[in-house]
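Model, not experiment: these values are computed from the prediction. Counting starts at 1 for both ligands and their atoms, in listed order.
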Amino acid sequence: MSSPAIKLLTASVVLCFGCASFAANQTINTDLVVVGAGSAGLSAAVQGAELGKKVVLLEKNPYVGGNSQHAEGLFAVDSEWNRLRSDPLTRQQAYEAFIKKQNHLVDPYKNKDFVEGSGENISWLASHGIEFEVRRETPDKDNTWHIIKNYKGTNHGAGLIKGMKDAADKLGVTTMVSTPATDLITKDGKVVGVVAKDAKGNTYTINSKAVILASGSFGDDPQKVKEWGHRDPEGWKSSVPINKTGDGIVMATKIGAERGPVSFIGHLGTEGKGIKFLSNLYAVSWQPFNLWVNSDGQRFTDESTSNAFSEAANGIYAQHDHYGWAIFDTNTIDYCMTKGIDSGIGVLVPVGTQLKNLQQDIKDALAVDSDGFKEADSIAELAKKINVPAKNLEATVAEYNKTCELQHDPMFLKDRRYLKPINGKKYYALKLKSYFFSAYGGLVTNRQHQVLDTHHKPIPGLYAAGLEVSNMVGPTYPDFFSGHAFGFASYSGRHAAINAAETMK
Ligand SMILES: Cc1cc2nc3c(=O)[nH]c(=O)nc-3n(C[C@H](O)[C@H](O)[C@H](O)COP(=O)(O)OP(=O)(O)OC[C@H]3O[C@@H](n4cnc5c(N)ncnc54)[C@H](O)[C@@H]3O)c2cc1C
C-alpha cells in the first residue's frame, strides 16, 4: 500500500488506519478480502499489504485476535532460535515423526511445506518486532514451541496480535470489526468478493480479486460439534468460546466447496460451582501424580498422560459418561503449594508454579458445595460424595498405593516419577472433563491454500488458512509438537496471501 488512507470509489468517505467507518449499504473495491482477524487472518493481511495489495480485513467480534490472542507459542523446527540453542531436531525427523504419529491421516504436502517453512515464518514475525523464546512444554515433547516473549510489553498470543495489528495499520490495511462476512460473491465460477454486515445492520458489498477465509472453524456451535465433529457437546466443550460458528466453512460449501474432515485441539480440565478456569484448583486437574478413576471407581489410564493434554482429553471422553475424578490428598496440596506443579497448563500456568492460592480455592469451592470438587476424611466417605461404589474406590486406592510402594505400575506402566500414594490426612476428588481449545478443519485446500470443490478442483479466487483447514492434523491433535495450530495459522495465512497476490500479477 502506498497511501495511508484508502479512498473508496463509491463514496467520498476516507478511512483511517484500523478504524473504518463506511456509509450504509456501501460498495468497496479492493484487491484482497481476509475474513477473520486471528493470527491466520492478520498474517494474511500484513503479508498481502506488504506485497502491495489493497486489503480489507473483516472481523466478526468487536475486537481483533480471535482465539489466537489466548495462545502462547508457535511450532517451528530448525529455526534461528533452535540454531542458537543447538537443538538437535531436524526438519526431516520432525516431519517423519509427525506423519507416523498421525497415522498418515493428514495432507503430506501441506504438512511438509509447513515443517520446512515454519522457522522462516518465525523470522518473518520477528522482523515485525515480535520477540520469541523456545520452551519445552513437558518432558515428552520436543523444543518446537516458540513462545512470544515480548512485543511492546505484551507477551504470548496477545503480543503477536498486537504486533501484527500494528503492522497492518502501518501498511494501510482496512480493518472492520463487528462486521462478519455473510456470503461469498461469485461470477463465472470465480470468487470475486464477499458480503458483510455490521452490528448496525449496514451491508457491505466488497469486490475483490481474491478472498482468504480465516474464520477459525466451528467449535463454538454445539450442533456442529455433534454433527460435524461426532462428539457429545455436553462432554466435549469449547473452553474459550468466542462465537466461532464455522462461517467460512458454511459460506464456501454454499458455493460448492467440499466439507473436509474435522478434528479438535482437545485438552483435559475441570469445572463446577466455585471452580474458575485456570485457577490454582483448576491447575491440579492437569497434574500427572493424581489417581484417576471413572464413575465406577476404576482406574482407566496412566495418569501421566495428562502431560499430553489432547490424549488426556480422549481418555476422559472415552469413559461411558465422559467424565472421571482426579483423587488426591493433603500431601498433594502441600507439594503443589511448596514445590510447584509438574505439568504446566502451557505457559499460562507454567511448570513449577507454586499454587499459593490453592487452600483458598479449596475453601471457596467447598463453601458453595461444588459439584466438581469434594473433600472427605476417608475414601469411603469420598466415594459416597462423588457417587461411585465405595468398595471399588477403596480397592482401587489400596492397589494404587501398593503400586506406589513398589514404584512399579503393572496395570498402566505409569512413569514412577509420578507415583505418589494417596494416604494424607484428608482426601479430595476433582471432576475431570474433556474440552477443546478450538475445532480444527472444515475446508479442503491444496498446496497453494486454494479451497477445493467437491470435484477436488480449486475454486478460483478462494483461499483458506488457519484452523478452518482440514487434513493438517489427524483425529487427535499432535501436542507432542507444541504450537502446531498457532504456527500453521500464521504460516498458512501468509502463504495464502503470497499465492493470492501471485495470481493478481
Ligand atoms: C487458551 C488457549 C491457548 C492456546 N494455546 C495455543 C498454543 O500455545 N499453541 C497453539 O498452536 N495453539 C494454541 N491455541 C489454539 C489457537 O487458538 C490456534 O492455534 C490459532 O491461534 C488459531 O488461529 P486462527 O487465526 O485460525 O483462529 P482465531 O485466532 O480463532 O481467529 C479466527 C477469527 O475469525 C473471526 N470470525 C469468525 N467468523 C467470522 C466471520 N463470519 N467474519 C469475520 N470474522 C469471523 C473470529 O471472531 C476470530 O477472530 C490456544 C487456544 C486457546 C483458547
What I want to know is whether A181 and ligand 1 share at least one N or O pair that is separated by under 3.5 angstrom. yes
Does the plane of the ring in F277 sit parallel, tilted or perpendicular to the ring in H267? Use 30° and 60° as the thresholds. tilted
Measure E468 to ligand 1 on non-hydrogen atoms and call it side chain, backbone, both or neither using the 4.0 Å cut-off. neither
At under 4.0 Å between heavy atoms, what of V240 touches ligand 1? The answer is side chain
Where on A196 is there a heavy atom closer than 4.0 Å to ligand 1, on the side chain, on the backbone, on both, or on neither? neither
So for G483, does at least one of its heavy atoms come nearer than 4.0 angstrom to any atom of ligand 1? yes
Can you sort out the partners of D78 under salt bridge (charged side-chain N to carboxylate O under 4.0 Å, His left out), two or more places apart, ordered by chain and number? R91
Pick whichever of G66, S68, G216 has a heavy atom sitting closest to atom 29 (O) of ligand 1. S68
May I ask you to decide if the ring planes of H449 and H495 are parallel, tilted or perpendicular, using 30° and 60° as cut-offs? tilted
Identity of the nearest option to atom 41 (N) of ligand 1, non-hydrogen atoms only, from I265, V347, L74, D247: D247
Residue-level breakdown please: for S438 versus ligand 1, do any non-hydrogen atoms fall below 4.0 Å on the side chain, on the backbone, on both, or on neither? neither
Report yes if E59 has an N/O atom closer than 3.5 Å to an N/O atom of ligand 1; otherwise report no. yes
Nearest heavy atom to atom 14 (N) of ligand 1 wins, so pick from G219, A71, S492, A37. A71
My understanding is that only residues two or more places apart in sequence, or in another chain, count here; which of them pass salt bridge (charged side-chain N to carboxylate O under 4.0 Å, His left out) with D479? none
Side chains of D87 and N143: do they bring a donor and an acceptor to under 3.5 Å? yes
Has ligand 1 got any nitrogen or oxygen that is less than 3.5 angstrom from a nitrogen or oxygen of A40? yes
Please tell me whether N29 and N207 have a donor and an acceptor in their side chains that are separated by less than 3.5 angstrom. yes
T270 side chain to S285 side chain, donor-acceptor N/O pair below 3.5 angstrom: no
Determine whether the side chain, the backbone, both or neither of F75 has a heavy atom under 4.0 Å from any heavy atom of ligand 1. neither
Using a 4.0 Å cutoff against the non-hydrogen atoms of N61, which atoms of ligand 1 qualify? 47 (O)
Check the angle between the aromatic planes of F264 and W236 and answer parallel, tilted or perpendicular using the 30° and 60° thresholds. perpendicular
Nearest non-hydrogen contact to atom 17 (O) of ligand 1 from the set N67, L57, N243, L58 belongs to N67
Taking the non-hydrogen atoms of A465, is any one of them nearer than 4.0 angstrom to ligand 1? no
Identify which of Y477, F481, F486 has a heavy atom lying nearest to atom 19 (O) of ligand 1. F486
In terms of the angle between their ring planes, are H128 and W124 parallel, tilted or perpendicular, with boundaries placed at 30° and 60°? perpendicular
In ligand 1, which numbered atoms sit nearer than 4.0 Å to a non-hydrogen atom of G65? 29 (O)
F75 vs F114, test: ring-ring contact (aromatic ring centres under 6.0 Å, His included). Steps then yes/no. CA-CA 10 Å; F75 170 91; F114 169 46; 5.5 Å; yes
Can you see whether K197 engages T182 through a side-chain donor-acceptor pair at a distance of less than 3.5 angstrom? no
Measuring from atom 9 (N) of ligand 1, which candidate in A439, G493, G73 has the nearest non-hydrogen atom? G73
Within a distance under 4.0 Å of any heavy atom of A214, pick out the atoms of ligand 1 and give their elements. 32 (C), 33 (C), 34 (O)
Angle class for the H484/Y440 ring planes (parallel below 30°, perpendicular above 60°, tilted otherwise)? tilted
